[in-house]
Amino acid sequence: MRIENQHNAILENAQRLTKNISKSGLSIYDEIPIGDPDLWIPSQELELLLNEELSGLELGSLPIRTRSKVVKTKICEVLGYPVPSSFKKTKPRFLGQNFDTYTQKSNNLQIWNEEISSSRRYVLIRVSSENIITKVKVVTGDMLASLDNTGTLTQKYQARLILGNEVSELVSENNTQNLDSVMVAEAKTPYYTTNPTDYPTAGTLLSIETIFEKLKAIVGKSFPDLGSDQERNRGAELHRLVCQHLGYSNYKDDGRFPDVKHQLLEVKLQTSPTIDLGLFSPDSKDILDIPAINGRQIRHCDVRYAIFFAEIIEGMVRITHFFLTTGEDFFKRFPQFQGKVLNSKLQIPLKKDFFD
DNA sequence: AAGAGCAACCGTCCACAAAA
DNA sequence: TTTTGTGGACGGTTGCTCTT
């Protein structure tokens, strides 16, 4: 009974505040002094209110960015704010009430290009596998920071894919000099016992031209699309096709770089023009963590990149373009984003019972 | 009004460590 | 020895802003 009374008292206070906000005509970007008795929604009130109003909301199978926008729109309505025509990239997104929102299906919370702000609130919204909001949790930056055990920043480079006139394009005529010096003229086609994830050897490393000839047959192939939040698995299907065309009888992927280690080949499937690269820049001269071949160390820029572009029509992924380049030449064909150049994110694992 | 540029945002997997 | 948890990679699309 006592708990129920308290619950009701908080909810009543929250409703009083949202009425005030609604009357005030303020937007989510207008500043409110923290703790303002008539306009500031304390975390407790915020959590209760959003939980009551958002739980059960059906989000369907929207693309994740669209999903996020739908949720923000709903939050504006619940809090008594007018819905902006677009959500500006302010830090935080809800400036007046000083909070950010994260709509999460997974427990891997990721904060990009920003430190955790200790006084900011973080509104974490749990979405079930059926795409229904099940719980809303409001925590301060302090609390989030305590869940961050490492402080490690994960980085990402990006480049732009610009389609040309050719359906298949061999960007680099030759391998890098370094790689060329270890390769033999008559490399064996992959034997049925070799794994695509094995370390490369001088005798089995195919020339970039041979790889090009073998892989260009993939253009025009299609396979079913697994859905808008299953990009990773979609890439796996292409990876399988690539292994098959190269002559490997078994497909294997250990999630490491590069995808087809045995050929020093990285495979990418693009359905949008932004190419995301990992921790390393393709033209990096850093040494790869694999055994040297004939005494020669392999560098990141020696790796070959197979970029496939696809269109998704009626639930099918159809490969329309193919590019093959060395890491060294990568940015000569695909311009690197000049803005931030390197993006980094902090990843915070949420405990399994975080939302309980 | 349309397009280009960009980075923000969210998703998934796997090796290894720790616990059972 | 098996199971569970954690850290840190990889994956890639879309909305916002600025320019034309």
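Letters go in sequence order (proteins before strands), and every chain restarts at 1. Both backbone and side-chain heavy atoms feed into the values below; hydrogens, waters and symmetry mates do not. All figures in this text were calculated on a predicted structure; none of them were measured in a lab.
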### Query
Once the angle between the rings of F323(A) and H321(A) is folded into 0 to 90°, is it parallel (under 30°), tilted (30 to 60°) or perpendicular (over 60°)?
parallel
### Task
Could you state the atom-to-atom distance from CD1 of I307(A) to P of dG11(C) in whole Å?
10 Å
## Note on the structure
Rounded to whole Å, the CH2-P distance (W112(A) to dA9(C)) equals 12 Å
#### Entry: Residues that S344(A) engages under side chain to side chain contact (heavy atoms under 4.5 Å, CB included), provided they are two or more places apart
N113(A), L153(A), Q155(A)
### Side-chain N,O (R67(A)) to OP1/OP2 (dC9(B)) below 4.0 Å
no
### Selection from dC9(B), dG11(C), dT12(B) that lies nearest to any side-chain heavy atom of K268(A)
dG11(C)
### Task
Map K91(A) and S106(A) onto DNA chain B by nearest heavy atom, then report which one ends up closer to the 5' terminus.
K91(A)
#### Entry: Contact state string [nucleotides 15-20 of chain C, B base, S sugar-phosphate only, - no protein heavy atom under 4.0 Å]
BSS---
### Task
Look at the side-chain N and O atoms of R93(A) and state whether any lies under 4.0 Å from the OP1 or OP2 oxygen of dC9(B).
yes
### Query
CD1 of I275(A) versus P of dT14(C): gap in Å, rounded?
16 Å
### Message
Nearest whole Å is fine: how far is dC10(B) P from I133(A) CD1?
### Response
12 Å
### Message
If we count only N and O atoms by modelled type, under 3.5 Å, do the side chains of T201(A) and T204(A) hold a donor and an acceptor together?
### Response
yes
### Query
Does the pair K91(A)/D100(A) count as a salt bridge with the N-to-O cut at 4.0 Å?
no
### Message
Let's see if you can work this out: which of dC9(B), dA7(B), dG11(C) has an atom nearest to the side-chain heavy atoms of Q158(A)?
### Response
dA7(B)
## Note on the structure
note: H239(A), atom NE2; dC14(B), atom P; distance rounded to Å ~ 12 Å
Produce the list of close N/O pairs, under 3.5 Å, pairing protein atoms with atoms of nucleotides 5-8 of chain C; give distances to one decimal.
from   : atom 1 : to      : atom 2 : distance (Å)
dG7(C) : OP1    : N149(A) : ND2    : 3.0
dG7(C) : OP2    : N149(A) : ND2    : 3.4
dG8(C) : OP2    : T150(A) : OG1    : 3.1
dG8(C) : OP2    : T152(A) : OG1    : 3.1

### Query
Cut-off 3.5 Å, side chains only: do Q97(A) and Y81(A) have a donor facing an acceptor?
yes
### Query
Which part of the nucleic acid does Q155(A) contact within heavy-atom distance under 4.0 Å: base, sugar-phosphate only, or nothing?
nothing
#### Entry: Donor-acceptor pair present, Q110(A) side chain and dC10(B) base, under 3.5 Å
yes
### Message
Quick check for you: among dT13(C), dC10(C), dC6(B), whose closest atom lies nearest to any side-chain atom of F337(A)?
### Response
dC6(B)
### Query
Could a donor-acceptor pair under 3.5 angstrom be found where the side chain of T274(A) meets the base of dA7(B)?
yes
## Note on the structure
Closest to the 5' end of DNA chain C, once V267(A) and P273(A) are matched to their nearest nucleotides, is V267(A)
## Note on the structure
Whole-Å distance, Q104(A) CD to dT12(B) P, equals 11 Å
### Task
Mind calculating the distance between CG (D276(A)) and P (dC9(B)) to the nearest angstrom?
15 Å
### Closest listed nucleotide, where the reference is the side chain of N343(A) and the choices are dA8(B), dC10(B), dG11(C)
dA8(B)
#### Entry: Aromatic F87(A) / basic K69(A) pairing, under 6.0 angstrom, 45° off normal
no
### Query
Is the shortest side-chain N/O distance from S68(A) to OP1 or OP2 of dC10(B) below 4.0 Å?
yes
### For I319(A) against I218(A), the heavy-atom pair lying closest together
CB-O, 3.7 Å
### Message
Just checking E58(A): does its CD atom have more than 12 heavy atoms from other residues, nucleotides or ligands closer to it than 6.0 angstrom?
### Response
yes
### Task
Classify the side-chain pair S43(A)/R121(A) by whether it contains a donor and acceptor separated by less than 3.5 Å.
yes
### Message
Can you tell me if T271(A) touches the phosphate of dT13(C), counting only side-chain N or O atoms and a distance under 4.0 Å to OP1 or OP2?
### Response
yes
### Task
Answer yes when E53(A) and K74(A) have at least one side-chain N-carboxylate O distance shorter than 4.0 Å, and no when they do not.
no
### Query
Does K345(A) make a side-chain N or O approach to OP1 or OP2 of dC9(B) shorter than 4.0 Å?
no
### Message
If you apply the rule side-chain contact (heavy atoms from CB on, under 4.5 Å), what do you find for D180(A) with N174(A), and how did you get there?
### Response
CA-CA 8 Å; D180(A) 212 34; N174(A) 298 298; 5.7 Å; no
#### Entry: For atom NZ of K72(A) and atom P of dA8(B), their distance in whole Å
12 Å
